[in-house]
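Following: one structure in structure tokens, then a few remarks.
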Amino acid sequence: MKYKTKFNLIVLLMLVSIGMMHGQDFKFYRYDTDLLPKEFHEANRVALRKEMPDKSIAVIFSSPVRNRSNDDDYDYHQSPNLYYLTGFTEPNAMLLVFKEEQTIGSMKTNEILFVEDRNPKRESWTGRRLGKNGVSDVLGIRTGMVNKDFEDLEIEFKKFDAIWYDRLPKGAVHEPGTKVDLFNLIDQFKKKTGYPADNMDGYALFNALAKQRMMKKKDELALMQKAIDMTCEGHKEVMKAAEPGMYEYQIQAILEYEFKKNGSEYVGFPSICGGGENSCILHYESNRRKLKDKDLIVIDIGAEYHGYSADVTRTIPISGKYSEEQKTIYNLVYRAQQAGFNVCKPGVSFFLPGDAATKIIKNGLLELGIIKDEFEYSKYFPHGTSHHLGLDVHDVEIESDLSPGNVITVEPGIYIPAGSDCDPKWWNIGVRIEDDVLITDTGHQVLSDKAPRTIEEIENLMKETSIFNEKK
Ligand code: GLY
Ligand code: MN
Ligand code: MN
């Protein structure tokens with residue numbers, strides 16, 4: 001045998017064996033045993049179909065892969081709507097959900113998930129793919145197809161009275177190694193529908209899914225509680241480890257160690273660890289400063305677990321003891337948060353917790369002489385008090401009263417940067433306290449209670465030692 005022919009044969013055998021291995025094992029690379037069950041996603045598709053008008057189709061794309069630089073990409077994050085409807089976490093995909101069963105060629109179906117074709121060589125670089133069989137077998141999608149089949153699919157989009165589509169992903173580009181990727185899927189979708197066409201609606205799908213996603217189900221709440229618990233563990237470990245001389249990034253390292261140790265895949269948003277003057281920057285995330293003895297640190301963090309994010313803030317003194325001024329502001333924010341909690345129940349306006357918290361902060365700032373007129377309060381409390389929480393940290397919401405199953409944050413804050421028009425003794429005090437709250441049938445439950453919140457609880461925990469240092 002000529003050398004080249006022999007070489008080709010060996011390569012062929014290697015590819016076949018990798019292919020066989022991949023063909024058999026797609027069920028087994030889902031190592032986690034607490035992923036959302038396929039019945040959860042199926043129920044979400046059923047609920048979506050109920051909302052859709054007669055003779056309609058819904059189209060949901062995956063998120064694009066985002067390039068970081070050269071051949072390096074950012075962590076991939078699936079479109080929350082696609083994940084919610086399928087559990088699928090790979091890029092280059094498109095879901096079609098039909099209101100009524102369709103006959104397409106010789107096939108009958110009411111849903112198709114288009115995915116990357118399996119390719120053992122590519123998978124040995126990028127990780128395994130479910131492929132069209134996997135999405136049916138593992139995720140329970142009635143029809144799986146590969147992306148390149150979309151172009152030839154005999155489907156007449158003009159015949160639908162309504163095409164509901166999720167916003168078209170921005171920035172999809174051709175990816176090396178994929179024959180047909182998200183870029184082509186969007187391109188084909190536009191050609192086939194005549195986008196923008198009269199029967200297309202870019203809002204209805206968003207609204208229908210937002211309404212569903214705002215009502216958390218039991219399976220989702222179990223994952224959210226895990227994300228929240230590991231976030232609270234991070235706060236507790238930092239309370240024990242914090243000491244002057246540490247850097248903000250070392251606080252971040254301890255928090256994120258706790259997340260990873262407990263199984264979190266990602267952070268739900270960049271960890272905010274702002275000490276001293278940085279406590280007054282609402283979404284500070286560079287975390288490079290060395291922490292000094294008198295600093296307060298605003299620590300606003302959230303582990304993400306199987307797609308669901310926590311969002312919990314604690315504000316602690318690096319020294320382990322709050323100064324008198326810090327205590328005063330802290331307790332004002334604390335009381336505002338308690339007032340917010342107290343009105344969390346079904347049937348009240350989403351804005352009521354914010355109104356209750358704002359009232360306390362306004363009066364408190366007036367009494368302390370930090371503001372002279374109640375309207376000035378927003379200089380020091382410039383953000384909203386609540387947002388929904390779920391697959392996005394600022395989760396989807398459509399304006400409605402609170403209902404059982406909603407999970408919202410209650411997060412008042414006061415931030416007094418240096419140079420503010422008040423006694424300099426208040427300068428560089430930034431305090432935010434944020435908790436995650438489930439609205440129940442009868443009231444509410446604070447899901448993030450495991451992280452100490454009162455001054456006494458925090459100062460007591462800060463006396464303890466941590467595995468991360470040998471202080472105290
Ligand atoms: N972590 C961002 C926020 O609290 O809204
Ligand atoms: Mn928040
Ligand atoms: Mn937050």
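Computed from a predicted model, the values in this text were never measured in an experiment. Just follow the structure's listing: the first ligand is 1, and inside any ligand the first atom is 1.
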* Could you give the distance from OH (Tyr257) to CD (Glu237), rounded to the nearest 0.5 Å? -> 8.5 Å

* Structure fact -> Minimal heavy-atom distance between Ala357 and Pro412, with the atoms involved, is CB-CB, 4.3 Å

* In sequence, state the C-alpha distance, the side-chain angles, and the governing distance for Tyr76 and Arg66, and then conclude on side chain to side chain donor-acceptor pair (under 3.5 Å). => CA-CA 7 Å; Tyr76 185 68; Arg66 302 232 179 254; over 6 Å; no

* To do: Considering only NZ, NE, NH1 and NH2 on the basic side and carboxylate oxygens on the acidic side, decide whether Glu42 and Arg45 come within less than 4.0 Å.
  => no

* Atom CZ in Phe114, atom CG in Leu95: separation rounded to 0.5 Å? -> 9.5 Å

* Is it true that the side chains of Thr409 and Glu411 contain a donor and an acceptor less than 3.5 Å apart? -> yes

* Centroid-centroid under 6.0 Å between Phe88 and Tyr83 rings -> no

* Protein N/O/S atoms under 2.8 Å of the Mn ion (ligand 2)? -> Asp311 OD2, His387 NE2, Glu411 OE2, Glu434 OE2

* Salt bridge between Lys216 and Asp395, side-chain N to carboxylate O under 4.0 Å? -> yes

Tabulation required: pairs of a nitrogen or oxygen in ligand 1 and a protein nitrogen or oxygen under 3.5 Å; columns are atom names and distance to 0.1 Å; otherwise 'none'.
from	atom 1	to	atom 2	distance (Å)
ligand 1	1 (N)	Asp300	OD1	3.1
ligand 1	1 (N)	Asp300	OD2	3.1
ligand 1	1 (N)	Asp311	OD1	3.1
ligand 1	4 (O)	Asp300	OD2	3.3
ligand 1	4 (O)	Asp311	OD1	3.4
ligand 1	4 (O)	Asp311	OD2	3.2
ligand 1	4 (O)	Glu411	OE1	3.0
ligand 1	4 (O)	Glu411	OE2	3.4
ligand 1	4 (O)	Glu434	OE1	3.2
ligand 1	4 (O)	Glu434	OE2	3.2
ligand 1	5 (O)	His387	NE2	3.2
ligand 1	5 (O)	His394	NE2	2.6

* Between Glu233 and Lys450, does at least one N-O distance fall below 4.0 Å, as a salt bridge requires? -> no

